[in-house]
Trainee: 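One structure is given below, represented as structure tokens, and several questions about it will come after.
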Amino acid sequence: MSTAQSTKLLSPNREHTRTGMSKEALKQAYIDNLFYIQGRFREVATSHDLYMAAAYTVRDRLLARWVKSAQAFKVNRARTVCYLSAEFLLGPHLANNLVNLGITKISQESAAELELDFAMILEEEEEPGLGNGGLGRLAACFMDSLATQCIPAIGYGIRYEFGIFDQTIENGWQVERSDTWLRNGNPWEIPRPKICFPIGFGGYTEQYRHADGSLRHRWLPSLEINGVAYDTPILGYGVGNVNLLRLWKAEAPQSFDFQAFNVGDYYGAVHAKIEAETISKVLYPNDEPEVGKELRLKQQFFFVSCSLQDMIRLHLNTVGSLDTFANKFVAQLNDTHPALAVAELMRLFIDEHGMAWEQAWTITRNTFCYTNHTLLPEALETWSVALFERLLPRHLEIIYLINQDFLNQVREKFPDDETRVIRMSLIAEGEQRRVRMANLAVVGSQAVNGVAALHSELVKTTLFNDFYDLWPEKFHNVTNGVSPRRFMVVSNPRLADLISHTCGHNDWIRDLSLLRHLEHHADDVELQQRWREVKIAAKQDFANWLQQQTGVVLDPQAMFDVQAKRLHEYKRQHLNILHIIRLYQRIQQNPNQEIVSRAFIFGGKAAPGYYLAKLIIKLINAVAEVVNHDPLVNGRIRVAFMPDFNVKNGQRLYPAADLSEQISLAGKEASGTGNMKFSLNGALTIGTLDGANVEIREEVGAENFFLFGMTAAEVTAKQREGYRPWELYHADPELKADIDLINSGHFSRGDMVLFRPLTDHLINHDPFMVLADYRAYLECQAQVSTAWSDAANWDRMSILNVARMGKFSSDRAIVEYAKNIWNVPPVTVER
Ligand SMILES: *Cc1c(COP(=O)(O)O)cnc(C)c1O
């Protein structure tokens, strides 16, 4: 480890009010920013002005540390991680930055002295929703942990003008509204108009004789646009380290307008400009790739090329030669979205910088690492060769060349095994030839990892089994994690305080394994009591917010049973609904029975084109409508769909959950991170042996985890022997009654066809085996109810869950990547 040289020149003075850390300095800076940046004074400022002044006050303090970090990294010639991700689901910046700077309390006091409403100012921030769900949120947690672990890093991605859509619920259906997060300006980003790279599309390739006499290839694109950098500083917790998140915006080059203007084609010029700028216009709202969307491929190439050109520029600026490129940088591919980087880096090295193929390939392979996020074969990205040829002709040539060498290597190791060669090829042959992005990523990387132990095993034994045979040493596991800053300190300050008080320190915020200390206090009746009070207070906060959003009233004494995540059949929100319908029918049959009061809370967005997922949302709301107004139920069960589940709303929800629903079909969820956030906040989990649930259960203990359902192996076996859901439907009278009640129109004002696409699909196909796990799920839920009835023991289990969640910090994940995969040492920047 090394420390930054203190540079007096040019470094902003810490004692100066502009970046000072005393209360007086903060207050003065705030007033100055309100006046000089927003052009407002206290009496006429809107709540947005007040927020902007706070954001600039914090940003100044980040930039002061960023200057020091940049200097330290330069002096140390630090190896740098480049995290390439098409998504960063960041969540609001302000509160998180206050925590990382360590000035939450003093800022609160400053606000009070200035007679400002601190909570209102935080509430004012609109989150940058530049991601769909888990994958994008992982990238954001990793940015936080990279800085906290003092690893020099740049996050590279796309500055979407419209992030993930805002969801509203109308008449029970999801309605999408465009997310206009940049409408009021973004105080956290710094535009860098001079960091700008040309990006080509289309055209053709040719050979030519270079000035040095060598025969070279070049690509002559038919269209060129620019990528412009926008930087957001990312500060670590309790350290001076600031890393950069550099997002690219697409712009038309100036020359565009000129050309067309000269020939009098004004509309043509404007149209071309709009075309160019659509590339970074909108995030695709699908959790999985939609086949064949040309704009999506353009987006991928756009951000990958900008990022690699930027890395090359940075390296040549300091070193002057590309030979050591892979010593300076390691680039992590977050899923296959940036997999084109393999071909583009080869092109840049060979065509643009005249490097020989062999050397270029060695450096490329040493640069990249790839994280796989899915086992669903239909979610593996491929692109048609025809589209590739039209959009990226030179890259297709390079991919063919890589493939030739690679397949020869396969043939050498496995002679006379052409079916293996066909399976492993970067090109899927057939009626429509397609480029397999996952294969390109595996071949072009030095390391491949899955995101939970089970997932990484399945990656080796199923998905990439052929590659594992060839290169067993390439395969790793790094179990995902979440940031304890955002998902505990920021979102659940009461629990964070109680933990710090109980442990006698707050070092657990940077070393989550220290939560273990709580184990000693799990039986402490007084702690259990306070633990419960903290949970109830979080539930009350959430209930207040939900009532204001939806009108649904929840009783904070009821068990909050929560499933919040993207809507997807494999996540099985419909299994959860069948349980609710079962409880409802039991009440109808025997209204006076003792039952545990539960509030079932759902949240999550459905991809706009995913019909069944949207129908499941409608069903949840339809069941809610009936159950919530049924006099026999009498409030004992409540069902609510919280609209617009995003990071900001998630932060309200995770602290309020008693029970976390992690009920995907085993073998389908790669890791999950929602499971970690809930458990870290004291919810107990009901779940299958899927993704990181397996490891969560190992950590918290089988006796503190509600397990049900088939294992991944049992799922595979059942599929092999032939799965017949209709037999289950006819064999289990309660299951049949639940599905029949949906079909009777009971939840749809007599409409007997509304939900038929869903129920028919369950009975006849049920690809995610909802019916097969139904009975086990009900039985497990009965155990949950029994456990809830012993409040003290529930609190004890909740404390133990939190105490044993240390492994699931994203800090631990980043340290594993740094040591086992990246070989990047930390560089500590003075605070
Ligand atoms: C954590 C998180 C997710 C991921 O949830 P899973 O349960 O792991 O699928 C999705 N969306 C948001 C907003 C999140 O914060």
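Whatever order the structure lists them in is the order used to number ligands and atoms, beginning at 1. When a residue number appears, it is its place in the shown sequence, counting from 1.
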Trainee: Is the Y777 ring parallel, tilted or perpendicular to the F708 ring (thresholds 30°, 60°)?
Mentor: tilted
Trainee: May I have every N or O pair linking ligand 1 to the protein at under 3.5 Å, one per line with atom names and distance?
Mentor:
from, atom 1, to, atom 2, distance (Å)
ligand 1, 7 (O), K565, NZ, 2.8
ligand 1, 8 (O), T673, N, 2.8
ligand 1, 8 (O), G674, N, 2.9
ligand 1, 9 (O), K571, NZ, 2.8
ligand 1, 15 (O), K677, NZ, 2.6

Trainee: Listing request: all ring-ring contact (aromatic ring centres under 6.0 Å, His included) pairs with a residue in residues 644-666, at least two apart in sequence or in separate chains.
Mentor: F487-Y654, Y654-F678
Trainee: Under the side-chain contact (heavy atoms from CB on, under 4.5 Å) rule, collect the residues that match up with E816, sequence neighbours excluded.
Mentor: V478, R812, N820
Trainee: Tell me whether E126 is salt-bridged to K648, with the criterion being a basic N under 4.0 Å from an acidic carboxylate O.
Mentor: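 No salt bridge links E126 with K648.
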Trainee: Test of understanding: with ring pair (Phe, Tyr, Trp, His ring centres under 6.0 Å), list the residues that count as partners of W794, not counting sequence neighbours.
Mentor: W788
Trainee: Parallel, tilted or perpendicular, judged at 30° and 60°: which one describes the rings of W248 and Y156?
Mentor: parallel
